[in-house]
Amino acid sequence: MSSIQVTLPDGSVKQVPGGTRPIDIAKEISSRLADDAVVARVNGQLYDLTRPLEADASLQILTSKNPEALEVYRHSTAHLLAAAVLELFPETKLGIGPPTDTGFFYDFQREDPFTPEDLEAIEKRMWEIQARDLPYERQIMEKQRGLELYKDQPMKVQLITEKADDVFSEYTLGPHFIDFCRGPHVPSSKRIKAFKLLSISGAYWKGDEKNQKLQRIYGTAFFSAKELEAYLHQLEEAKKRDHRKLGQELDLFSIQELAGPGLIFFHPKGGIIRKTIEDWMREQYLKRGYSLVYTPHVMRADLWRTSGHLNYYAENMFKRMELDDAEYQLKPMNCPGHILIYADKLRSYRDLPVRLGELGTVYRYERSGVMHGLLRVRGFTQDDAHVFCTPEQIEDEVVACLEFAIDTLKAYGFESYEAELSTWDGGASGKYDGSAEQWDLAEGALKKAVERLGLNAPVMADEAAFYGPKIDMKLVDALGRKWQLSTVQFDFTLPRRFGLEYVAEDGRRHQPLMVHRALYGSIERFFGILIEHYAGAFPVWLAPVQAVVMPITDRHNEYARKVEARLKDAGARVHLDDRKEKVNLKIREAQLQKVPYMLVVGDREAEAESVSVRHRKHGDLGSKPLDEVASMIQDLIATRAAAE
């Protein structure tokens with residue numbers, strides 16, 4: 001066989017026979033590299049380590065240090081799961097089994113639901129298959145032959161019909177499992193060292209509720225048992241912090257069956273936290289030169305035709321309603337309302353920038369299967385703002401938006417965050433709106449703003465919205481999880497659609513630049529993130545009840561009321577627990593409600609005008625003068641201290 005040239009990452013070239021496998025080259029380089037190898041990158045594409053090289057190529061051997069390797073590893077574990085299911089339940093029909101950011105899943109169709117006991121049996125069988133050291137083998141199949149081969153797997157037939165070329169690849173795992181798959185995969189089942197099946201849930205074929213219902217088995221996989229153990233520990237911590245569980249235990253919010261899914265009811269305690277969050281944002285709006293506006297919840301459908309939402313976003317909107325004069329639509333966005341306010345009069349360049357901010361409630365249709373507590377809902381309130389400005393002002397405005405976003409994160413105790421800059425594809429696909437000049441201006445302004453603030457913002461090419469580039473801010477919570485939060489987004493489309501103008505210094509009319517900006521994202525989602533970040537133990541300034549006063553007996557009630565009044569004068573949210581119960585019970589209940597301070601008063605405290613202070617985290621702090629405690633709590637509220 002003729003030889004081929006293989007170029008390695010360091011620029012060196014190896015002359016090898018055609019048909020040489022990447023794993024063979026890895027062995028030549030070092031036995032350690034061969035042992036650590038997971039997959040190969042050949043001419044920029046991922047290859048199985050055992051796939052022969054037929055022509056000159058560049059080659060990189062990927063190990064566990066490469067993110068792509070973990071995806072391949074998890075994809076292979078998904079195949080291992082499917083193989084185990086078919087061995088135990090051979091009547092099962094296969095769906096799809098991709099890797100995810102946190103693991104993998106596979107969708108199955110069978111009459112009987114999987115049980116927790118089934119999950120244990122499947123995982124045990126996966127380990128048995130793993131121990132057999134079965135190879136993941138790539139095979140090439142003609143389409144017609146493949147359709148015949150998979151005739152007992154209707155979902156695979158559908159995928160092959162829709163997606164396969166005349167010749168396609170499939171992968172076997174041992175003699176009994178075969179799957180239509182592009183791959184690549186790890187060389188053998190023995191290479192999969194650490195995995196765990198986690199849960200079972202419902203799913204629909206292709207995510208469409210009109211299609212057949214499937215059962216989805218979730219799992220995770222890591223290169224080492226230590227990594228897996230750390231992740232499972234994090235999952236346990238996350239369960240303890242689940243905002244749905246804590247929301248019920250702390251009486252913060254509910255979702256009422258009679259009202260409908262995805263619609264949030266804030267209870268009194270949740271309501272006071274929400275008010276505090278909203279008040280902080282409105283104060284910041286006014287300090288930073290924003291004007292507060294309010295727009296209707298429902299508007300004529302014609303407005304949404306003009307904005308383009310009825311053309312591009314209709315599937316996410318609630319159905320239109322017929323009123324006396326026209327069709328009306330619940331708003332999914334606040335931006336068209338702000339545009340109408342801007343357009344209500346002709347602006348001069350001297351009026352710009354115009355910054356309009358609103359905590360506006362919007363309504364979007366979400367499928368029942370994707371709603372999740374406060375994090376994915378159908379009705380939510382956005383801290384929405386839109387900036388209308390001249391090209392000369394845009395860079396400073398973007399910098400101000402990013403500074404506002406960072407200040408917001410820090411105000412709520414998030415010190416770790418990341419930024420991403422999403423750009424277009426240069427116009428190659430034709431899917432983006434706006435001219436090349438507009439994109440150059442917008443992307444240039446975003447890049448300069450990032451540089452001015454010293455942010456590390458990787459460029460995410462071809463991930464912009466169709467109407468403009470954006471910067472996304474992601475916070476990192478107490479468990480190290482990343483949450484998409486703030487967005488600064490250009491928009492070339494709406495100013496054109498609505499014919500927005502301003503009179504420039506040259507006396508002519510020009511189209512203003514428009515920036516969408518949301519920092520919380522939505523109040524509901526941000527509230528859910530806060531609950532999980534703090535595990536329900538909110539910092540004092542956010543806590544719905546900041547102190548509970550506990551008289552030891554009835555004769556101490558009069559002094560307890562004096563303590564309550566003093567704390568209220570200091571601006572604290574305080575509760576007097578004068579029930580005829582033992583103090584230890586009151587303390588335990590306040591602790592479960594995660595109240596920051598428990599203030600016990602008896603004879604000595606009444607005589608000395610002091611309180612016995614107990615902190616939810618630090619325990620007994622001893623007796624302190626009442627005025628000192630009131631001033632301490634007042635200071636924690638005023639400074640919005642996040643640390644305890």
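Fair warning: this is a prediction, and the values are worked out from it, not measured in the lab.
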Got a salt bridge between Asp383 and Arg517, using NZ or NE/NH1/NH2 to carboxylate O under 4.0 Å?
yes
Is the closest basic N to carboxylate O distance between Glu87 and Arg132 below 4.0 Å?
yes
Once you measure the plane-to-plane angle for His79 and Tyr136, does it fall in the parallel (<30°), tilted (30-60°) or perpendicular (>60°) bin?
tilted
Side-chain donor-acceptor pair present, Trp205, Gln109, cut-off under 3.5 Å
no
Cation-pi check, Arg110 onto Phe108 ring (under 6.0 Å, within 45° of axis):
no
Could you tell me whether a side-chain N or O of Glu123 sits under 3.5 Å from a main-chain N or O of Leu197, the two making a donor and an acceptor?
yes
Near His176 NE2, under 6.0 Å, is it more than 12 heavy atoms from other residues, nucleotides or ligands?
no
Quick one: do the Ser254 and Gln256 side chains pair a donor with an acceptor below 3.5 Å?
yes
Is it true that Lys474 and Asp472 have a side-chain N and a carboxylate O under 4.0 angstrom from each other?
no
With a 4.0 Å cut-off on N to O distance, would you call Asp48 and Arg21 a salt bridge?
no
Could you please spell out the steps behind the salt bridge (charged side-chain N to carboxylate O under 4.0 Å, His left out) verdict for Asp208 and Lys210?
CA-CA 5 Å; Asp208 190 338; Lys210 297 176 184 176; 5.6 Å; no
Is the Lys NZ or Arg CZ of Arg182 less than 6.0 Å from the centre of Tyr171's six-membered ring, within 45° of the axis?
no
Would you call Glu148 and Lys151 a salt bridge, using N to O less than 4.0 angstrom?
no
Reference residue Val298; test side chain to side chain contact (heavy atoms under 4.5 Å, CB included); the match among Phe318, Tyr328, Tyr363:
Tyr328
Between the side chains of Tyr412 and Tyr534, is a donor N or O closer than 3.5 angstrom to an acceptor N or O?
no
For Thr381 and Arg274, test the side chains for any donor-to-acceptor distance below 3.5 angstrom and give the result as yes or no.
yes
